[in-house]
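Inspection log for the structure reproduced underneath, given as structure tokens.
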Amino acid sequence: MESSTPLKLDHPADAPPAPLETGLRRSMGPRHLIMIAMGGVIGSGLFLSSGYTISQAGPLGAVIAYLVGAFVVYLVMACLGELAIAYPVSGAFHIYASRSIGPATGFTTAWLYWLCWAVAIGSEFTASGLLMQRWFPGVEVWVWCLVFAAMLFGFNALSSKFFGESEFWFSIIKVGAIIALIVFGGAALFGFHPLSDNDHHPFLFENFNTSAGLFPNGFSGVLVTALAVFYAFSGSELIGVAAGETKDPARNIPKAMRSTVIRLLIFFVGAIAVIAATVPYDQVGLDESPFVTVFSSVGIPFAADIMNFVIITALLSAGNSGLFSCARMLYSLADEGHAPKAFKRLTRRGIPLLALSVSMVGGLASLISSVAAPETVYLALVSVAGFAVVGVWMSITASHFFHRRAFVRNGGRVADLSYKAPFFPVVPILAFGLCLLSLVGIASDPAQVAALYFGIPFVAACYLYFHFRYGRTIKVKQSV
């Protein structure tokens, strides 16, 4: 049963957060947080799936869809900033919802997010192995999957700082590729493409005016692609997961969030605008990365090989962030008493090694199912991951709404908060509504509606399990 007891902070709003008692190390600074978020976001959703968005929504529709996605990310991050400073703990989404809404919602949020990344880890290993066959066709895909799994496990098992450093350099490569696309692709749109053999390269945004109009599939195409776009932005919330291992969270978390939103807006919308203006919408899809198409059109030598390397790096970077997130979610569940206590065990370096190992097993299990199961089952798993991300964003915004309301009700002064989300309650309500709208939109898309068929029963099962397993315990604790 959900608790309606008003929440009260354990420390004054103007006091620095209490130090962690869990043993996790505060070893990451703002640059680590920014690149962890960027690393989690910039992956196959931009390098591969952006082609699907452009083909469905049209050139202008795709830019609008990504602008809306960036706006929703800003709203969610504003809510996340206030919560992350109020509760600077690792695996924080679970804690936010548990303390602001109720323990059952926190339990469900944690397992939703764990499911999302466990599925994503396996698919990213598989995709990386398939891409490696371009250079090593004689080596089986599963061999590369094990190699990459061992590498990422090592990065996460050494220390959170080592994880942050590895993610920093992974992300540098991806960001470099996006900047190159915007610079070279943008220059070509202005007529400067000396390396290209194509005499009919599109000029500025002439591709936006298609033969079927500005929205070739109607404006509904923008709504249908909303979930795919939100999934492409998933990972920005990883800053909240890493809050418990961040130095001086009151200063570094808001700084990292502002920088992340600005960079995502420039990189994502800029890249999509260049791609949509360069490649006709009816010639882009999932069979080739639109980055490869753009680089090839402007005459960049070895474009396919360069982007093959970059996309592998992007997938491994997203897997790196996902494994980190999965382990912290299991640790957080155990810390709240909603998972085996063994997941709370830490190494001398402050790493929840057992939680990390179980998360890797979950990723490898989804890897096996994605390879062995029919294509429809694999697509269903990916759609569930998208549903889970949007569900977590809705949980964050709802948690912020109830947290701020309880804080004021208990005598707190908003002016005393070290960081406060602007325009309350408009920001959390608007963010929640837009996320809900994206779930409604996919109900009309046969390719994505499986997210609702699998996601809604999963959420219901989590609530029911919590009620029957922990409901009476929670009631007893509240009545004491």
Side-chain angles (χ1 to χ4, degrees), residues 24-25 27-28 32-33 35-45 90-94 110-129 144-171 174 234-245 312-334 339 343-347 349-370 381-382 385 388-389 392:
L24 291 172
R25 309 292 176 83
S27 56
M28 290 189 282
H32 296 122
L33 289 178
M35 284 307 184
I36 287 170
M38 297 290 286
V41 175
I42 302 173
S44 59
S90 195
F93 306 140
H94 165 56
W111 282 111
L112 263 178
Y113 205 62
W114 187 89
L115 174 71
C116 167
W117 281 110
V119 170
I121 290 169
S123 62
E124 282 150 8
F125 288 155
T126 304
S128 300
W144 291 114
C145 292
L146 292 180
V147 169
F148 293 142
M151 182 174 69
L152 296 191
F153 184 84
F155 287 160
N156 278 267
L158 288 175
S159 73
S160 59
K161 184 175 182 180
F162 192 86
F163 158 77
E165 285 293 335
S166 64
E167 192 56 38
F168 178 83
W169 292 108
F170 269 144
S171 299
K174 296 190 295 187
S234 66
S236 54
E237 70 287 334
L238 282 168
I239 288 178
V241 176
E245 293 162 87
I312 290 173
T313 304
L315 294 169
L316 294 179
S317 173
N320 200 31
S321 294
L323 186 57
F324 175 90
S325 177
C326 279
R328 269 56 184 182
M329 278 297 169
L330 287 183
Y331 176 93
S332 181
L333 282 165
F343 290 146
K344 287 183 62 178
R345 294 175 186 168
L346 302 174
T347 66
R349 294 177 178 268
I351 302 298
L353 193 59
L354 181 60
L356 186 68
S357 302
V358 171
S359 297
M360 177 59 77
V361 170
L364 291 175
S366 64
L367 180 157
I368 294 170
S369 67
S370 68
L381 290 173
V382 173
V389 168
V392 168

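No side-chain heavy atom of Lys344 sits under 4.5 Å from any side-chain heavy atom of Leu354. Proximity of Asn156 to Ile351: side-chain heavy atoms (C-beta onward) are nowhere separated by under 4.5 Å. Side-chain contact between Leu323 and Leu356 is present, with heavy atoms from C-beta onward closer than 4.5 Å. Taking the side chain as every heavy atom from C-beta outward, Ile121 and Cys326 approach each other to under 4.5 Å. In this structure, the side chains of Phe343 and Leu353 stay at 4.5 Å or more apart for every pair of heavy atoms.
When all heavy atoms of Ala355 and Ala327 are compared, the pair lying nearest together is CB-O, 3.5 Å.
Atom CZ of Phe125 sits about 9.0 Å away from atom CZ of Phe148, to the nearest 0.5 Å.
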